[in-house]
Amino acid sequence: MGMDRRIEPDHAAGKGFRYLRKRGLKEFTAHAVEKVKDEHFDYQKWICQQKISSFQAGYQRKLLFSRMPKVYVLIADPPGDCTDDRANALRSETVRSVRNSTYPYVFLSQALNSQIDDEDYLTFLQAGDLMERNAVFEMIQAIQGGADAVYTDEDSYERKNGSLSFSAPLFKPDYNPDFLRSCNYIGSLFLVRVGVIRSFYREGGQNLIPTQTTISDPAYRYALILRCTRRADELGGVGHVAKVLCHTWAENAGIPETGRTPGEGEQAGASTRKKAADTPKLSRSASAGEAQARPRRNSRAPRTRTEERLQSSYAKWNSRTRRKPAEPGRNAGEASPGPLNTMRAVLETDLKDRGCRGSVEDGPLPGTFHVAYEIEGEPLVSIIIPNRDHASVLENCIQSIRKRSTWKNLEIIVVENNSRQKQTFDLYRKLEEKKEARIVRYPKEFHFSRVINEGARQAAGEYLILMNNDVTVRTGDWIERLLAHVSRPGIGAAGPKLLYPDGRVQSAGIVTGIMGFAGSMMVAEDGNDPGYMGRAVLTQDISAVTAACMMVRRTAFREAGGFPNEFSVALGDVDFCLSLGDRGYRIVFEPSAVMIHHESLTRGAEDTKEKKKRFAAEKALFRKKRARLLKEGDPAYNPNLSRRRCDWSQQT
């Protein structure tokens, strides 16, 4: 059931005041201006403004690249319930958009045959999909750096009164292997070098030869994308053109009319935004053995137009792989033959191909998956908790770990930093007597990075968990869920989803560039909200996770040089994660592991003059140190999404 979107005036004022106090007047004003713009944003107008002009099209047709491969386009059959006339109309519309390409070497094909060279490229579309005329040009431009595969952003369209009406944009991240194994986010218009495809059936994978018939199967396309992106990533890389260059035919639309194709100057049709009452209300199912958070009444303001549009995007994206109802005589929770099980089988094969051990589970949303990787052995996990006084808070944290965690091979290290209260030292003695925690001391002035580094230096575990003393356990197997990722090759760190005690989100991963430096996603949103494209509830690679609860491989921690000494309080965790990324490690956000965070309960908010001055200095340092990343944009985000808001709203 969807949650009540109404809001009381005093709640709105309180939320605004908290934002002002935490971010300052300048950022509060910029945020308010963007919200006003958002209320008047028209996606239909925006997408039509992105189309290239006739002058640009002429220029692209004459431009020569150093690499000018041929591009072969396979068009998949339309949905099986289409009549012959409808199928022919859909295919004709797609063919017309392909032939309108500004790139000169684009050809239609019915199969990957022996006449096609290994250095040429192949892409595929569903009958009814429309390419922008600059789509292939943009993708060929992207491969000039050596990429062996490329994909683009997309949206949906339908015909209204003779005009195309666009909606439901999917603004995708750059290549994101773990997100791809949660759902096929790459979707339409995927370009890959032919030699990459042939490398598989030269190894015996004859069932992967693309034809007009095989690519009509969503499971086949998913298998092809998984294999090709994995191989391309090992070779020249996987590129992403962050432009909406493909428009998929909306399932409820009529037969596309013949006539103009995108880019030929059509007039914008009516906006297709849904009213809030019509917006799909989606909630996440609770994990096994875990209580589902109750939706909070009056927990946030009514959805803005951008939020409605992005929620609609999720609904349309999700509908492509939606589960079918259970068959008669079969329980709803029982597996049934069909597309979902076929897609699961694709992921199971992918696990074997990668040499990974694990199982594929249903994801938290229809048509999504969760890969549960096996953990080898029972390695020691060291949990490092900085602390200064607040004995009751620390005790609550430690007891929740000891009583609720199902992973038993762990040690807890409390890094004592200048406590003064007697009850704190009484608690330390009790913890050590019961062997529930080991107390190490850092007697110098508080410096979060150095406190963490001291705890890591004295830890014995192969894996480290950095944890605030105001965090408690909600998901019993949280350590296993994080360890399943961090123990994998190439993964440096992983973080859970953090909720406030009232069930709202405190952090669903961190995106760099938010507010000009970095910010947690989905802050103050309902804990059951799946987020844009399901990104608040699906496993994915992300640029950073908060050190309020972060697991890191010990060897990776040392390789990155530990936490950076330049940052005494804020942004050290973000910079540390980016340092891991600089060394080739990936960071995983695992939302099925959930923790409760009483944010800044012991340290307090950044609300004094001294704290604000220190925070401003750390932000300036971060901007200088990570200037290149902030300019280029977070690869786990998308440049079409807002950097002023933390809910995946579109940039307005």
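- Using modelled atom types, one side-chain atom of Tyr637 and one backbone atom of Ser642 make a donor-acceptor pair closer than 3.5 Å.
- The two residues Thr94 and Gly128 make their nearest non-hydrogen contact at OG1-N, 2.7 Å.
- The CD atom of Glu154 lies 4.0 Å from the OG atom of Ser188; values are rounded to the nearest 0.5 Å.
- Heavy atoms from other residues, nucleotides or ligands lying under 6.0 Å from CZ of Phe65 number more than 12.
- Relative orientation of the Trp46 and Phe171 rings is perpendicular, given thresholds of 30° and 60° on the angle between their planes.
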Practice prompt. Run the numbers on Tyr222 and Phe369 for ring-ring contact (aromatic ring centres under 6.0 Å, His included), then give the verdict.
Written response: CA-CA 13 Å; Tyr222 191 26; Phe369 301 94; 7.0 Å; no
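- Using a 4.5 Å heavy-atom threshold, the side chains of Asp129 and Leu189 count as separate.
- With a 4.5 Å cut-off on side-chain heavy atoms, Phe200 and Leu224 do not count as touching.
- Remark: side-chain polar atoms of Asn176 are paired, donor with acceptor, to backbone N or O of Asp541 under 3.5 angstrom.
- The shortest distance between side-chain heavy atoms of Thr152 and Val244 does not fall below 4.5 Å.
- Closest non-hydrogen pair, Pro78 versus Leu90, comes out as CB-CD1, 3.7 Å.
- Under 4.0 Å is where a charged nitrogen must lie from a carboxylate oxygen, and between Lys70 and Asp117 no such pair does.
- Side-chain atoms of Ser649 do not come within 3.5 Å of backbone N or O of Arg645 as any donor-acceptor pair.
- Between Arg354 and Asp350 a salt bridge is recorded (basic side-chain N to carboxylate O distance below 4.0 Å).
- Defined by atom type and a distance below 3.5 Å, a donor-acceptor pair is present between the side-chain atoms of Asp155 and Tyr43.
- Judged purely by atom type and a 3.5 angstrom limit, Ser163 has no side-chain atom pairing as donor or acceptor with the backbone of Arg159.
- In this structure, CG on Leu112 lies 8.0 Å from CG on Leu74, to the nearest 0.5 angstrom.
- Counting only distance, with no hydrogens or angles, the side chain of Thr102 and the backbone of Arg133 share a donor-acceptor pair below 3.5 Å.
- With hydrogens and angles ignored, the 3.5 Å screen pairs a side-chain donor or acceptor of Gln44 with a backbone N or O of Leu164.
- Atom CG in Asp217 sits 7.0 Å away from atom OG1 in Thr342 (nearest 0.5 Å).
- A donor-acceptor contact under 3.5 angstrom links the side chains of Arg535 and Gln540, judged on distance only.
- Atom CG of Asn528 is separated from atom CG of Asp526 by 5.0 Å, given to the nearest 0.5 angstrom.
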Item to complete: Start with the C-alpha gap between Ile143 and Tyr121, add the side-chain angles, then the distance that decides, and say whether side-chain contact (heavy atoms from CB on, under 4.5 Å) holds.
Response: CA-CA 10 Å; Ile143 70 167; Tyr121 281 73; 3.6 Å; yes
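- The closest donor-acceptor contact from the side chain of Ser101 to the backbone of Ser97 lies at 3.5 Å or more, if one exists at all.
- Taking a 6.0 Å sphere around CG of Asn113, one finds it holds more than 12 heavy atoms contributed by other residues, nucleotides or ligands.
- Of all non-hydrogen atoms in Thr213 and Asp77, the two that sit nearest each other are CA-OD2, 4.5 Å.
- Judged by distance alone, with hydrogens and angles left aside, the side-chain atoms of Asp148 form a donor-acceptor pair with the main-chain N or O of Gly236 at under 3.5 Å.
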Discussion item. For Asp353 and Arg227: C-alpha separation, side-chain torsions, deciding distance, then whether side-chain contact (heavy atoms from CB on, under 4.5 Å) applies.
Written reply: CA-CA 9 Å; Asp353 290 345; Arg227 286 198 176 193; 3.1 Å; yes
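- Between Val511 and Ser543, the closest side-chain pair of non-hydrogen atoms is not below 4.5 Å.
- If you look at His240 and Tyr175, their ring centroids are not closer than 6.0 Å.
- Residues Thr539 and Arg181 bring no donor and acceptor atom of their side chains to less than 3.5 Å of each other.
- Taking every heavy atom of both residues into account, Ser592 and His370 meet most closely at OG-NE2, 3.7 Å.
- Looking only at atom types and distance, the side chain of Ser66 has a donor-acceptor partner in the side chain of Gln144 under 3.5 Å away.
- The side chain to side chain donor-acceptor pair (under 3.5 Å) with Glu132 is formed by just one residue from the set Lys243, Gln50, Lys51; it is Lys51.
- At least one side-chain heavy atom of Pro635 sits under 4.5 Å from a side-chain heavy atom of Leu629.
- Side-chain atoms of Gln126 and Arg91 form no donor-acceptor pair, as typed in the model, at a separation below 3.5 Å.
- Of the residues Ile542, Ile491, Val371, the one that meets the side-chain contact (heavy atoms from CB on, under 4.5 Å) test with Asp178 is Ile491.
- Heavy-atom minimum distance, Ile510 versus Ala518: CG2-CB, 4.0 Å.
- Inspection of the Thr512 and Asp634 side chains reveals an N or O donor paired with an N or O acceptor under 3.5 Å.
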Practice prompt. Could you go through the side-chain contact (heavy atoms from CB on, under 4.5 Å) check for Tyr157 and Leu130 one step at a time?
Written response: CA-CA 9 Å; Tyr157 80 95; Leu130 305 178; 3.6 Å; yes
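- Within the 6.0 Å centre-distance limit, the rings of Tyr185 and Phe179 are counted as a close aromatic pair.
- Side-chain contact annotation: Thr214 with Thr211, donor-acceptor N/O pair under 3.5 Å present.
- Electrostatic pairing of Arg193 and Asp120 does not count as a salt bridge here, judged by no charged N lying under 4.0 Å from a carboxylate O.
- Going from atom SG of Cys183 over to atom CG of Leu347 covers 10.0 Å, rounded to the nearest 0.5 Å.
- Distance check: Cys228 SG to Leu122 CG gives 9.0 Å after rounding to the nearest 0.5 Å.
- Under 3.5 Å, the side chains of Glu158 and His247 contain no donor-acceptor pair of N or O atoms.
- Residues Ile197 and Pro210 form a side-chain contact, since some pair of their non-hydrogen atoms from C-beta on lies under 4.5 Å apart.
- Taking 4.0 Å as the cut-off between side-chain N and carboxylate O, Glu348 and Arg344 do not count as a salt-bridged pair.
- Crowding of Arg99 atom CZ: a count of heavy atoms from other residues, nucleotides or ligands under 6.0 Å not exceeding 12.
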Item to complete: Report the C-alpha distance between Asn184 and Leu180 in whole Å, list the side-chain angles of each, state the deciding distance to 0.1 Å, and finish with yes or no for side-chain contact (heavy atoms from CB on, under 4.5 Å).
Response: CA-CA 5 Å; Asn184 182 11; Leu180 185 58; 3.8 Å; yes
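- The minimum heavy-atom distance linking Leu538 with Ser182 is given by the pair CB-CB, 4.0 Å.
- Residues Phe107 and Ser109 have side chains not in contact (no heavy-atom distance under 4.5 Å, counting atoms from C-beta outward).
- Using a 4.5 Å cut-off on side-chain heavy atoms (C-beta onward), Ser54 and Gln56 make no contact.
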